[in-house]
Amino acid sequence: MAEKLDLIAKCIKTFPDFPTKGIPFKDVFPILKDPKATAAVTDLFEEHVRKTYPQLDLIVGMDARGFLFGPLLAQRLGVGFAPIRKKGKLPGPTLSVTYSLEYAEAEAEMQEGAVSAGQKILIIDDLLATGGTLCAACELIRQQQAEVLGCVVVVELKYLNGSAKLQPAPVFSLLQY
């Protein structure tokens, strides 16, 4: 496990002052350039989810980086995948919520019927900062009477305390800064 985490950590790049001054952006895209690092992320997520959430029905991924790791994990686990996107990107009837980011305000949408009442859902994204995006995802899922089992992320910025906003949904992160 330590070897896989080290490989993943070496791929993460930090860009100061992006997208605005004072934000140290953690870029996970370099993970995808390295097939071993991509496999390490998927392996570690799979191990955690199989052990922690054997009753999982569906993985929901956040626009856009949750779309990178979510389908890989869903395929490994033999469950489906559903997206939550930025406003205006999904066809048909949608549900939406407005939320705050550390540097802006945004709106997230999910297609009506993307999850079913009673389903047990795991949310995946690349990074947890202030918790606004994942909190919005939890709200969208609960609006459809589905259960949020937890959230998994590659990187968690612990100093922003975003996981506190997500309670009672637990957060599993591979790397913490």
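Annotation: side chain of Arg65 is in contact with side chain of Phe29 (closest heavy-atom distance under 4.5 Å). Considering only heavy atoms from C-beta on, Val49 comes within 4.5 Å of Leu77 through its side chain. Using a 4.5 Å cut-off on side-chain heavy atoms (C-beta onward), Leu149 and Leu56 make contact. Contact check for Leu44 versus Ile8: side-chain heavy atoms found under the 4.5 Å cut-off. Using a 4.5 Å cut-off on side-chain heavy atoms (C-beta onward), Pro30 and Ile12 make no contact. Two residues are said to be in side-chain contact when any heavy atoms from C-beta on lie closer than 4.5 Å; Phe69 and Val154 meet this criterion. A 4.5 Å side-chain heavy-atom check between Glu156 and Ser163 finds at least one atom pair inside the cut-off. Here the side chains of Ile124 and Val60 are not in contact, with every heavy-atom distance at 4.5 Å or above.
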Check the pair Leu127 / Val28 against side-chain contact (heavy atoms from CB on, under 4.5 Å), numbers first and verdict last. CA-CA 9 Å; Leu127 184 133; Val28 300; 5.8 Å; no
Kindly indicate, with the supporting measurements, whether the criterion side-chain contact (heavy atoms from CB on, under 4.5 Å) is fulfilled by Arg76 and Leu72. CA-CA 6 Å; Arg76 286 251 192 114; Leu72 295 172; 5.9 Å; no
CA sep, side-chain torsions, deciding dist, call: Val171, Leu128, side-chain contact (heavy atoms from CB on, under 4.5 Å): CA-CA 9 Å; Val171 174; Leu128 170 59; 3.7 Å; yes
Do Thr133 and Asp125 pass the side-chain contact (heavy atoms from CB on, under 4.5 Å) test, and can you show the C-alpha distance, the side-chain angles, and the key distance before you say yes or no? CA-CA 9 Å; Thr133 305; Asp125 204 358; 4.1 Å; yes
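Ring geometry, His48 versus Phe172: the interplanar angle falls under 30°, so the pair is classed parallel (tilted spans 30 to 60°).
Atom CD of Glu3 is surrounded by 12 or fewer heavy atoms from other residues, nucleotides or ligands within 6.0 Å.
In summary, the side chains of Thr94 and Glu109 do present a donor paired with an acceptor at a separation below 3.5 Å, with no hydrogens or angles considered.
Using a cut-off of 4.0 Å between Lys/Arg side-chain N and Asp/Glu carboxylate O, Lys120 and Asp57 are scored as not salt-bridged.
Taking the ring centroids of Phe15 and Phe25, they lie at or beyond the 6.0 Å cut-off.
Cluster annotation: Tyr53 and Ile121 are assigned to distinct hydrophobic clusters (Ile/Leu/Val/Met/Phe/Trp/Tyr, side-chain heavy-atom contacts under 4.5 Å, transitive).
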